Amino acid sequence: MKNPIFKAVLIGAVFYIALMVVEGAMHPAILPAAAVGAVLLGLLATVFIWENEHTVHLGEIIVLWAMVLLFVVYGLVFFFIGGAF
């Protein structure tokens with residue numbers, strides 16, 4: 001393991017993947033979404049395995065902006081479909 005950030009990301013990814021598996025087993029209706037989430041999280045956690053620093057930085061930036069944009073999409077969906085106060 002290279003550095004403490006990689007260790008923290010790996011521990012966090014393992015924890016959340018395990019959490020998704022447990023929740024999917026307890027609630028079969030969310031099993032497909034939990035499986036997709038676990039696979040995506042596992043793939044995103046591999047960003048720190050690459051040796052090239054530029055590639056790692058590019059991967060971090062892509063993940064960061066994907067999270068920001070998905071949060072905006074979630075907010076818009078909640079506002080227009082889920083109802084807002």
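Any value given below was found using the heavy atoms of this structure, including those in side chains, with hydrogens, waters and symmetry copies removed. Values in this document were obtained by computation on a predicted structure and should not be read as measured data.
In this structure, Pro32 and Pro28 approach most closely via the heavy-atom pair CD-O, 4.0 Å. When all heavy atoms of Ala34 and Gly24 are compared, the closest pair comes out as CB-CA, 4.3 Å.
With a 4.5 Å cut-off between side-chain heavy atoms of Ile, Leu, Val, Met, Phe, Trp and Tyr, the cluster of Ile62 takes in Leu58. Under a 4.5 Å side-chain heavy-atom cut-off, the cluster of Ile, Leu, Val, Met, Phe, Trp and Tyr residues that includes Met26 is completed by Val22. Side-chain heavy-atom separations under 4.5 angstrom define the hydrophobic clusters, and the remaining members of the one that includes Val36 are Leu40.
Leu64 and Phe71 sit in two unconnected hydrophobic clusters of ILVMFWY residues. Membership requires side-chain heavy atoms under 4.5 Å apart, directly or through other members.
Residue His57 places its NE2 atom among 12 or fewer non-hydrogen atoms of other residues, nucleotides or ligands, all under 6.0 Å distant.
Residues passing the side-chain contact (heavy atoms from CB on, under 4.5 Å) test with Leu70, sequence neighbours excluded: none. Leu43 is linked by a side-chain contact (heavy atoms from CB on, under 4.5 Å) to Val39, counting only residues two or more places apart in sequence or in another chain. By the side-chain contact (heavy atoms from CB on, under 4.5 Å) test, Tyr74 is found to be paired with no residue, residues two or more places apart in sequence or in another chain being considered. Residues passing the side-chain contact (heavy atoms from CB on, under 4.5 Å) test with Ala38, sequence neighbours excluded: Ile17, Met20.
The side-chain heavy atoms of Tyr16 and Leu19, taken from C-beta on, include a pair separated by under 4.5 Å.
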